[in-house]
S.K.: 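What follows is a structure written as structure tokens; I'll ask about it next.
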Amino acid sequence: LLCLMAAARKDKRTQLVSDLGDLLTLCRNILGAEVKQTPLPDWKVFGMDADSVHTASHTPPHVVPDDRMGQTAMELNRLRARSRELELDWLAAYPPEERPDIVMALNRLSSALNVLFRKEVKLHG
């Protein structure tokens, strides 16, 4: 996430840097809530709450990744896939009822990355 932010900053992609910053804040808040065993604070990314992120991610058209979409799109898709793996690893390690706030946030993290991926493809496609 930080590497992609640095590349976007170098390319003067201020909106992408801001959007990725929202995701970085969410990730840091998830980590902090887990380590401190405190509730995850309410959060928004790109001005959207969890339900809005889910809706935006699941609204057609669904995009199949292709190398011709460019490096940034591929990195966003890779992060989306890795965040989904993180969610599955969390669920393998902890019962979902133990931290439903974190389970929801991890699920929405992958959805938010999908939203950014689709935005990038549309912007440069």
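Values reported hereafter were calculated over all heavy atoms of this structure, with side chains retained and with hydrogens, waters and symmetry mates removed.
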S.K.: Donor-acceptor pair, D66 side chain versus R68 backbone, under 3.5 Å?
M.R.: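 It does hold such a pair.
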S.K.: Could you check whether any side-chain N or O of S18 sits under 3.5 Å from a backbone N or O of T14, counting only pairs where one atom can act as donor and the other as acceptor?
M.R.: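 Side chain of S18 to backbone of T14, a donor-acceptor pair under 3.5 Å: no, none is there.
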S.K.: Which pair of non-hydrogen atoms, one from A105 and one from L40, has the smallest distance, and what is that distance?
M.R.: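 It is CB-CD2, 3.4 Å.
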S.K.: Using atom types as modelled and distance alone, determine if a side-chain donor or acceptor of N77 lies under 3.5 Å from a backbone N or O of P65.
M.R.: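 Looks like no, no N/O pair under 3.5 Å.
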S.K.: Salt-bridged, R108 to E87, with N to O below 4.0 Å?
M.R.: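 No, no charged N to carboxylate O under 4.0 Å.
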S.K.: Are any of the side-chain heavy atoms of F117 and M69 separated by less than 4.5 Å?
M.R.: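 Result yes, sub-4.5 Å side-chain heavy-atom pair found.
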S.K.: Working to the nearest 0.5 angstrom, can you tell me the gap between D22 CG and K44 NZ?
M.R.: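 The CG atom of D22 sits 11.0 Å away from the NZ atom of K44.
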S.K.: Using 0.5 Å steps for rounding, measure from the CD atom of E34 to the CH2 atom of W90.
M.R.: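 The CH2 atom of W90 is 4.5 Å from CD of E34, to the nearest 0.5 Å.
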S.K.: Rounded to the nearest 0.5 Å, how far does CZ of R80 lie from CD of E75?
M.R.: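 With rounding to 0.5 Å, CD (E75) is 13.0 Å from CZ (R80).
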S.K.: Show the numbers, then the answer: is there a side chain to side chain contact (heavy atoms under 4.5 Å, CB included) between S111 and H58?
M.R.: CA-CA 8 Å; S111 294; H58 287 78; 4.1 Å; yes
S.K.: From H54 NE2 over to M48 CE, what is the distance, rounded to the nearest 0.5 angstrom?
M.R.: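 Reported to 0.5 Å precision, the distance equals 12.5 Å.
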S.K.: Closer than 3.5 angstrom, by distance alone: can the side chain of R118 be matched with the main-chain N or O of P61 as a donor-acceptor pair?
M.R.: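 Indeed, once roles are kept as given, a pair shorter than 3.5 Å links the two residues.
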S.K.: Can you confirm whether M5 sits close enough to R13 that some side-chain heavy atom of one is under 4.5 Å from a side-chain heavy atom of the other?
M.R.: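 The answer is no; the side chains never approach within 4.5 Å.
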S.K.: Indicate if L109 and V103 have the same hydrophobic cluster label, given that clusters are the connected sets of ILVMFWY residues with side-chain heavy-atom separations under 4.5 angstrom.
M.R.: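 Yes, same cluster.
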S.K.: Taking all atoms of both residues into account, what is the closest heavy-atom pair of A8 and L16, and its distance?
M.R.: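 It is CB-CD2, 3.8 Å.
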S.K.: Determine the sole option in D19, V121, L20, N114 for which the side-chain contact (heavy atoms from CB on, under 4.5 Å) test with L76 is passed.
M.R.: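 Only one option passes, and that is L20.
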S.K.: Do side-chain atoms of T59 reach the backbone of T55 as a donor and acceptor pair under 3.5 angstrom?
M.R.: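 Pair found, side chain donor or acceptor close to backbone of T55.
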S.K.: Does L79 share a hydrophobic cluster with L2, counting links as ILVMFWY side-chain heavy atoms below 4.5 Å and allowing steps through other members?
M.R.: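 Yes, same cluster.
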S.K.: Taking a hydrophobic cluster as the set of Ile, Leu, Val, Met, Phe, Trp and Tyr residues connected by side-chain heavy atoms closer than 4.5 Å, whether directly or through intermediates, do M104 and L26 fall within one such cluster?
M.R.: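 Different clusters: M104 never reaches L26 through Ile, Leu, Val, Met, Phe, Trp or Tyr contacts under 4.5 Å.
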S.K.: Applying side chain to side chain donor-acceptor pair (under 3.5 Å), run through D49 and S52 and close with a yes or a no.
M.R.: CA-CA 5 Å; D49 63 13; S52 298; 3.0 Å; yes
S.K.: Tell me whether D101 contacts the main-chain N or O of P39 through its side chain, where contact means a donor paired with an acceptor under 3.5 Å.
M.R.: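 The answer is no, because no donor-acceptor pair under 3.5 Å joins these two groups.
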S.K.: Rounded to the nearest 0.5 Å, what's the gap from CG on L23 to CH2 on W43? Could you check?
M.R.: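 The CG atom of L23 sits 9.0 Å away from the CH2 atom of W43.
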S.K.: Got a second to check how far C27's SG is from L86's CG, nearest 0.5 Å?
M.R.: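 Between C27 SG and L86 CG, I get 8.0 Å after rounding to 0.5 Å.
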S.K.: Side-chain heavy atoms under 4.5 angstrom apart, residues restricted to Ile, Leu, Val, Met, Phe, Trp, Tyr: same cluster for L91 and Y94?
M.R.: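 Per the 4.5 Å side-chain linkage, L91 and Y94 are co-clustered.
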